[in-house]
Structures are given as structure tokens and as C-alpha cells.
Amino acid sequence: MDRQDEALKLLKEIKTIMYAIENLQTQIDEIYAILESKGASPKEVNVQTSKVPDPMAEQIIKALEYQTKLQNYQLMLIEKKNTALEVVKQMDIEMQQLLLLRYFQGYSIEQCATKIGYTSRWTWEKLHQAEEMFINIYAMNK
């Protein structure tokens, strides 16, 4: 993999991991909402010959698994953001702002344009320049 691919992959991974974190957090929140709506009261004691599955326990286990994944993604995100920030800090302020909005905050081109007060076309062109600058600085640092 050449430096250009590696640099762009880093930026895209940041965005992808942030999206995965959002999804996991939503799933965790949904599970806890289900658990809260059902209430956490003890089950009645019944004598049975076979084990009856406990749906609440299954939901709790699923929530814990999601939380573990969430923590792993958060650690990966911190590592990748720190690597990218070392490069971004060496760029012009305007270019920094574009990359941070697009890749670190997950804004669309249109949202970036609105945020900085320019047209989508201008923003897209400037973002492309920022990506090229990021690639060049990344290649020099590696």
C-alpha cells in the first residue's frame, strides 16, 4: 500500500469507527430502554424440569458484549485520531478545519460548507486540496 492510500485510509477509518461507535451506543441504549420498560423484578419461583431461557439475562449479556466492542472501538479511534492529528497540526488552519469537520466530526460536504459559510463546490475543492496536503505531510512523516 502506498503512502497516499495509507493516509486516506487513516482518515476514512476515523470516520468509519465513529459511525460504528454511534451505532453501538444506539444499540446499547435500546437494550437498556427495553430492560427498563420490562422492569428488573425477580422471577416467580417455579419448579420446572427444563431450563427456561431468561430474555432479560440475554439482553444484559448482549449489552455487555456491545459495551466491550464499544470500548475497543473507542481505543482504536483515539489511536487513529492521535496519528492523524500529528499530521493535521502541520497544516494551514483552513485546511485543518475542513479535515476536522469532515473526518473527525463526520460532517457531509454540505454540512461543512454551511459551517464555514462557503458553497458546496468550493468546499469540495478545498477539501480535496486538504486531503492532498494531508497525504503529502503524512508521507514525509513516515
Side-chain angles (χ1 to χ4, degrees), residues 1-46 48 50-142:
M1 178 183 310
D2 68 358
R3 297 287 181 213
Q4 178 177 354
D5 290 341
E6 193 176 321
L8 287 176
K9 182 181 176 202
L10 175 64
L11 290 175
K12 290 177 182 175
E13 283 177 337
I14 289 170
K15 202 169 157 185
T16 301
I17 293 169
M18 287 185 344
Y19 181 72
I21 287 171
E22 283 180 30
N23 284 339
L24 277 171
Q25 189 60 58
T26 299
Q27 290 175 325
I28 291 167
D29 293 344
E30 288 172 358
I31 289 171
Y32 283 124
I34 290 169
L35 292 172
E36 287 174 6
S37 70
K38 291 183 179 180
S41 59
K43 290 183 156 192
E44 291 182 22
V45 177
N46 290 326
Q48 297 179 348
S50 64
K51 185 176 179 182
V52 176
D54 183 354
M56 288 184 72
E58 291 172 9
Q59 291 295 321
I60 292 169
I61 290 169
K62 189 187 294 186
L64 291 174
E65 289 171 356
Y66 287 163
Q67 286 175 327
T68 301
K69 283 183 184 178
L70 180 66
Q71 289 171 343
N72 290 337
Y73 278 133
Q74 288 169 332
L75 291 174
M76 284 178 15
L77 182 61
I78 289 168
E79 178 186 331
K80 292 189 183 301
K81 277 187 172 183
N82 284 337
T83 301
L85 280 173
E86 289 302 315
V87 175
V88 170
K89 287 191 300 189
Q90 299 174 49
M91 301 171 67
D92 300 340
I93 297 295
E94 182 179 64
M95 300 299 182
Q96 286 180 12
Q97 184 181 20
L98 283 169
L99 289 178
L100 293 175
L101 288 172
R102 179 76 171 142
Y103 292 103
F104 285 61
Q105 295 182 8
Y107 283 25
S108 67
I109 299 290
E110 293 76 21
Q111 290 171 318
C112 289
T114 301
K115 185 78 172 174
I116 60 176
Y118 290 105
T119 65
S120 293
R121 177 70 182 163
W122 183 91
T123 303
W124 182 84
E125 289 174 8
K126 282 296 190 183
L127 181 61
H128 182 70
Q129 290 174 9
E131 290 170 345
E132 290 295 320
M133 187 181 291
F134 182 88
I135 291 165
N136 292 334
I137 294 171
Y138 183 87
M140 288 189 307
N141 290 344
K142 289 289 176 172

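These values consider heavy atoms only, across backbone and side chains, with no hydrogens, waters or symmetry-generated copies. Nothing fancy with the numbering, it's 1 onward along the sequence.
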Peer 1: Assess, by modelled atom type and distance only, whether the side chains of Glu86 and Asn82 contain a donor and an acceptor separated by less than 3.5 Å.
Peer 2: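 The answer is no; no qualifying pair exists.
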
Peer 1: Under 3.5 Å, side chain of Glu132 to main-chain N/O of His128, donor-acceptor pair present?
Peer 2: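 Here the side-chain-to-backbone pair does not exist.
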
Peer 1: Could you tell me if the side chain of Leu85 sits less than 4.5 Å from the side chain of Leu100, heavy atoms only?
Peer 2: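 Yes, their side chains come closer than 4.5 Å.
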
Peer 1: Tell me, which pairs form a ring pair (Phe, Tyr, Trp, His ring centres under 6.0 Å) where one or both residues lie in residues 96-122, sequence neighbours left out?
Peer 2: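 For residues 96-122, and leaving out neighbouring residues, the ring pair (Phe, Tyr, Trp, His ring centres under 6.0 Å) pairs sorted by first residue read Tyr118-Trp122.
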
Peer 1: Inspect the surroundings of OH in Tyr73 and state if more than 12 heavy atoms from other residues, nucleotides or ligands are less than 6.0 Å away.
Peer 2: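 Atom OH in Tyr73 is not crowded, with 12 or fewer foreign heavy atoms closer than 6.0 Å.
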
Peer 1: Would a 4.5 Å heavy-atom cut-off, applied to side chains only, mark Met133 and Leu99 as touching?
Peer 2: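 No, their side chains stay 4.5 Å or more apart.
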
Peer 1: Side-chain contact test, heavy atoms from C-beta onward, threshold under 4.5 Å: evaluate it for Ile93 versus Gln96 and give yes or no.
Peer 2: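 In short, these two side chains touch, coming nearer than 4.5 Å.
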
Peer 1: With a 4.5 Å limit on heavy-atom distance, are the side chains of Gln111 and Leu101 in contact?
Peer 2: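 No, every pair of side-chain atoms sits at 4.5 Å or beyond.
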
Peer 1: Scan for salt bridge (charged side-chain N to carboxylate O under 4.0 Å, His left out) pairs involving residues 100-121, sequence neighbours excluded, and state none if there are none.
Peer 2: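 As it turns out, the salt bridge (charged side-chain N to carboxylate O under 4.0 Å, His left out) pairs with a partner in residues 100-121, which skip direct neighbours, are Arg121-Glu125.
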
Peer 1: Taking side chain as C-beta onward, heavy atoms only, is Glu6 less than 4.5 Å from Leu10?
Peer 2: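 No; the side chains remain at least 4.5 Å from each other.
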
Peer 1: Do you know which two heavy atoms are closest between Phe134 and Ala7, and how far apart they sit?
Peer 2: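 Looks like CE2-O, 3.5 Å.
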
Peer 1: Nearest 0.5 Å, please: how far is CD in Gln25 from CD in Gln27?
Peer 2: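 The distance works out to 10.0 Å.
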
Peer 1: To the nearest 0.5 Å, what is the distance between NZ (Lys62) and CD1 (Ile34)?
Peer 2: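 Nearest 0.5 Å value for the NZ-CD1 distance: 7.5 Å.
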
Peer 1: What's the separation between atom CD1 in Ile109 and atom OG1 in Thr119, rounded to the nearest 0.5 Å?
Peer 2: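 Here the interatomic distance stands at 11.0 Å.
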
Peer 1: Does Ile137 form a side-chain contact (heavy atoms from CB on, under 4.5 Å) with Met140? I'd like the steps, not just the answer.
Peer 2: CA-CA 5 Å; Ile137 294 171; Met140 288 189 307; 4.3 Å; yes

Peer 1: Any pair with a residue in residues 65-84 that passes salt bridge (charged side-chain N to carboxylate O under 4.0 Å, His left out), sequence neighbours left out, goes on the list, sorted by first then second residue, please.
Peer 2: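 Those involving residues 65-84 are Glu13-Lys80.
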
Peer 1: Distance check, rounded to the nearest 0.5 Å: Leu24 atom CG versus Gln71 atom CD?
Peer 2: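 Going from the CG atom of Leu24 to the CD atom of Gln71 covers 11.0 Å.
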
Peer 1: Can any side-chain N or O of Gln59 pair as donor or acceptor with the backbone N or O of Ile31 at less than 3.5 Å?
Peer 2: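 Here the side-chain-to-backbone pair does not exist.
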
Peer 1: Less than 4.5 Å apart, side chain to side chain, heavy atoms only: is that true for Lys126 and Thr123?
Peer 2: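 When only atoms from C-beta onward are counted, Thr123 and Lys126 do not touch, as no gap falls below 4.5 Å.
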
Peer 1: Which of these, Ile14, Ile21, Ile17, sits in a side chain to side chain contact (heavy atoms under 4.5 Å, CB included) with Met76?
Peer 2: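 That would be Ile17.
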
Peer 1: Please name the pair of heavy atoms, one in Leu70 and one in Ile28, separated by the smallest distance, quoted to 0.1 Å.
Peer 2: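 Residues Leu70 and Ile28, closest heavy atoms: CD2-CD1, 3.9 Å.
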
Peer 1: Less than 4.5 Å apart, side chain to side chain, heavy atoms only: is that true for Lys15 and Tyr19?
Peer 2: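 No; the side chains remain at least 4.5 Å from each other.
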
Peer 1: To the nearest 0.5 Å, tell me how far Gln4 CD sits from Asn136 CG.
Peer 2: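 Result: 8.5 Å between the selected atoms.
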
Peer 1: Taking atom OH of Tyr66 and atom OG1 of Thr26, what is their separation to the nearest 0.5 Å?
Peer 2: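 Between Tyr66 OH and Thr26 OG1, I get 11.5 Å after rounding to 0.5 Å.
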
